[in-house]
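Working notes, beginning with the structure itself.
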Amino acid sequence: MKLKAQAVLVPLLLALPLGGCFTQTYTHGHVISNDMLSQVQVGSSQEQVELVLGSPSTTSNLNGQAYYYISQTTETTAFLAPDIVGQRVVAVYFDDDGYVRDIGNYGMEDGKVVDFITRETRTGGSDYGFLTQILRGAASPSVGL
C-alpha cells in the first residue's frame, strides 16, 4: 500500500514545477478574420465597413479618411515577460465621397514592435547628468547673479 502511494506521489511532485511552464496566448485589440476582410470590397461605403468589421481602433483624416483596426498576440510563459508573436493592422482607406479606395493589411514584418506599456517618450535633446549640467552652467553663466 505504501509503495502505491509513493508511485503516485513521486511523479506528481516531479511534475509540479513544470505546471508553471505552460505557455498562455493572449490576443489584444480588434481581431479581423480573413472572411470578414473578404467581405469589404473596394467601393463599399463607410457604413458597410463598420457593419462588417465593427468600429475602428482609431481613425485618420490625413489625405482622406482612414479606419485602422489594430490587434496584437502575445505569449506568456510562467513568470517571464510576454513575447509579442503577432501584430496586425488592417487599414481601410476611403475616398472623398466616403467609399473604400484601398485596403492595407500590415503585419510585424511591415513595421517595428511598439511598446505600449512603459509610457516613456524620448525627447529631442541630450540627456545630461546633474554634474554635467552644473559644469555647463558654470562655463556659460547666463543668469546674472
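Taken from CZ in Arg88 to OH in Tyr106, the straight-line distance is 12.5 Å, to the nearest 0.5 Å. With values rounded to the nearest 0.5 angstrom, Ile103 atom CD1 is found 8.0 Å from Leu53 atom CG. Ser44 OG to Glu47 CD: the interatomic distance, rounded to the nearest 0.5 Å, is 11.0 Å. Rounding to the nearest 0.5 angstrom, the gap separating the OG atom in Ser71 from the CD atom in Gln87 is 8.0 Å. Taking NE2 of His30 as the reference point, atom CD of Gln72 lies at 15.5 Å (rounded to 0.5 Å). Going from atom CD1 of Ile32 over to atom OG of Ser57 covers 7.5 Å, rounded to the nearest 0.5 Å.
Counting heavy atoms from C-beta outward, Thr73 and Ile84 have side chains that stay 4.5 Å or more apart. At a threshold of 4.5 Å between non-hydrogen side-chain atoms, the residues Val100 and Val40 count as touching. At a threshold of 4.5 Å between non-hydrogen side-chain atoms, the residues Thr77 and Glu75 do not count as touching. Residues Thr74 and His28 form a side-chain contact, since some pair of their non-hydrogen atoms from C-beta on lies under 4.5 Å apart. For the pair Tyr93/Arg101, a side-chain contact is recorded, criterion being any heavy-atom separation below 4.5 Å from C-beta on. Contact of the Phe94 side chain with the Val49 side chain is registered, since non-hydrogen atoms from C-beta on lie closer than 4.5 Å.
A donor-acceptor pair is defined here as one N or O able to donate and one able to accept, closer than 3.5 Å; no such pair exists between the side chain of Asn61 and the backbone of Gln65. At least one donor-acceptor pair closer than 3.5 Å links the side chain of Asp95 to the backbone N or O of Asp97.
A side-chain donor from one of Tyr67 and Glu50 sits under 3.5 Å from a side-chain acceptor of the other.
The two residues Tyr69 and Gly54 make their nearest non-hydrogen contact at OH-O, 2.8 Å.
In this view, Tyr68 satisfies the ring-ring contact (aromatic ring centres under 6.0 Å, His included) rule with no residue, not counting sequence neighbours.
Hydrophobic clustering of Ile, Leu, Val, Met, Phe, Trp and Tyr side chains at less than 4.5 Å, counting indirect connections, unites Val90 with Met36.
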